[in-house]
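Reminder, nothing fancy here: chain letters follow the sequence lines and each chain counts from 1.
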Amino acid sequence: MKRYFGRKIVIYLSTFFLAVTVDWAIPRLMPGDPVMNLLSRVSVRAEAAEAMYGYYTKAFGLDIPVWKQYINFWIALFHGDLGTSVYLFPQKVVDVIIMAVPYSIALLVPAILLSFYAGNKFGAFAARTKILDNTLLPVGYLLTATPYMWLGILLAWSLGIVAGIFPTAGAYDFNMAPSFSWPFIFSLIKHWFLPFLSLFLVQFGGWAIGMRNMIIYELESDYSHYLESLGAPRSLIRKYAYRNALLPQITGLALQLGVIVAGSLVTEVVFSYPGLGSLILSAIQNKDYFLIQGCFLFIIIGVLIANFFIDIAYIIIDPRTRLGMAGE
Amino acid sequence: MSLQIKNLVVYYQTLSGYVKALDDVTLSIRDGEIMGLAGESGCGKTTLGNSLIRLEPPMKYIKGDVELDGEKLPIWNSSQMNVFRFKKISIIPQYAMNALNPTIKIGKLISELLSSRKFNYKKIKPELERRLDLVELTHDVLSMYPIELSGGMKQRMVLVLSTLLDPSLLIADEITSALDVSTQKAVAEMLVEFRNRKIVKSMIVITHDISILYQIADSILVMYAGKLAEKASTDVMINTPRHPYTKLLISSLPKVGVRYAEKKLSGIPGNTPLLLDPPIGCRFRDRCPVAFDRCFKEPPFIEIEKDHYIACWKECI
């Protein structure tokens, strides 16, 4: 067990190191210059612009060699300093992100957990029920093949613009100030629902299809047939088959996590939802190195932590991995 | 009579038609009898065993009656069969090595299975432990996962579990096939021991290994291409078989004292017919050395001596 976790931690740390390095490098490989972008918004005389350019470049630490910037970046990171945003100057990147993260989490966590639960339950239920198998599962194939933001646009158009039931932009009504009151919370939920629904539906389809195929495989396996021969009731056989079919689904969740997060970022943009997705879009448009870096750093940490929990969950529910470890 | 099968016909449903895997089977097994069921792969041995306990698609019941201890078995109706399964009729499947759910401890599996059948695990546990002693398994296996057991241990575990409710009939399907010879012998002796202790009343031991049957079976039934060929007591079958197929089958077994470097072991030329469209008449006709005109008609399975049944025109004239 100790060796297993030791190895896992080394893997996670090296993944973190590599991902953060890429995260640092990618914005700097983009064409353009953040300071020029910043200055283009103020109209000053040419000499003044030159002086300001020199000042800001120095202030952001962009005047030193790239390898030094890289080392400084890591040093600052260990001090919890993600730098200052160029685009929202002079706000600190950490502060900007902390404003956006709750919205992203409020979208992602319920969408992932609920769709995983409901999709698996439904898939298991639909398998071997001819009517559902022939009607709703094709819909599942359609859903899982749909890109998140495209379904988001469809939902915004149909339920938002045509039916007018849900708002299509923002996290709450523009004429409201954040407060702990029922109207505000209601407005929050109303704005949250459509982006949540588009994330939920696409994933739901995927899990339902996966579970349907997995549970049929388990129900046809030798141990299920043996239980049938011993007259075990359907419910017991299904219970075992469901549990065993869930194992590959959990692996699937770990693999899908990155894709889901990426999808949710785009969905946020569709609904102008003020989470990390919208923030990343503005950061990229403004070539804000520090903000892009910061946002992706949060996503990297989030995905790694979630993966770690899935690893642990797998050990808990599959005795074979546990026993395999004892034999190491 | 413990088990009586009359004119049982079970086919496999396929896209290209019925595969006639079990055609007109009539036989009976006495109380306390261990009947060996032998034949080549694909001759319908396992189909016969399965159709008595778990007749699921693509298997299709066509006709026939099965009676166990005077009670009719509704083999065509899976939910009605549930009452009989495990309590009256039980099976050690061909795949005994994979028969236990891999993600649950064996003790928990047994306890959940028993309570789903309205039995009390706590009350049965002492008996379960005695049975484990009988097959030389430690009681610790109950707190282990199936992957922690060796193949032979799993086989014995399944033997104990399948017979836990003292069924009247046990079907043991190829239970020695995947084991080495010394373990084969031990498992075979355990089967006899279970019968002698009256844990199970009678047994059908399905195997393609006639030498195992010679050690444990009271009678042997030989099947060929979905049909019964010959049934008689073990001694008669081994020493004086009458059906040409049985004769060839027995003569292809190696014998002690014969040097096969000098005399090549003979087999049976030809292959078994496809059961999708079996030949008319005797299905062994094409490979039979003594076939004649009459073999174009189907031979009946009749008693030619006491307890010696045979389906061959040559022998019943």
With a 4.5 angstrom heavy-atom cut-off, could you sort out which part of [X] is near chain A: side chain, backbone, both or neither?
X: B/Val83; answer: neither
X: B/Thr103; answer: both
X: B/Arg54; answer: side chain
X: B/Ser162; answer: both
X: B/Glu148; answer: side chain

Enclosure of B/Tyr95 OH (heavy-atom neighbours >12, cutoff 6.0 Å)
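Result for OH/B/Tyr95: enclosed.
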Should the heavy atoms of other residues, nucleotides or ligands under 6.0 Å from CZ of A/Phe125 be counted, would the total exceed 12?
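It does not: A/Phe125 CZ has 12 such atoms or fewer within range.
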Which atoms form the tightest heavy-atom contact between [X] and [Y], and what is the distance?
X: B/Val158; Y: A/Tyr226; value: CG1-OH, 3.4 Å
X: A/Ser229; Y: B/Ile53; value: O-CD1, 3.4 Å
X: A/Glu228; Y: B/Arg85; value: O-CD, 3.3 Å
X: A/Pro319; Y: B/Pro102; value: CG-O, 4.1 Å

Quick check for you: among B/Asn101, B/Asn98, B/Leu109, B/Asn50, which has the greatest number of heavy-atom pairs under 4.5 Å with chain A?
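Most pairs with chain A among the choices: B/Asn101.
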Tell me, out of B/Leu165, B/Leu161, B/Ile89, B/Ile104, who's got the most heavy-atom pairs with chain A below 4.5 Å.
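So the answer, after comparing B/Leu165, B/Leu161, B/Ile89, B/Ile104, is B/Leu161.
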If you round to the nearest 0.5 Å, how far is CG of A/Leu236 from OG of B/Ser115?
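One finds 8.0 Å between OG of B/Ser115 and CG of A/Leu236.
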Taking 4.5 Å as the heavy-atom cut-off, does anything in residues 238-249 of chain A contact chain B, and if so which residues?
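Heavy-atom contacts from residues 238-249 of chain A to chain B are A/Lys239, A/Tyr240, A/Arg243, A/Asn244, A/Leu247.
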Report yes if some heavy atom in the side chain of B/Pro93 is under 4.5 Å from a heavy atom in the side chain of A/His225; otherwise report no.
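No. Closest side-chain heavy atoms not under 4.5 Å.
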Judged by atom type as modelled, is there a donor-acceptor pair below 3.5 Å linking the side chain of B/Arg117 to the main-chain atoms of A/Leu230?
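Checking the backbone N and O of A/Leu230 against the side chain of B/Arg117, a donor-acceptor pair under 3.5 Å is found.
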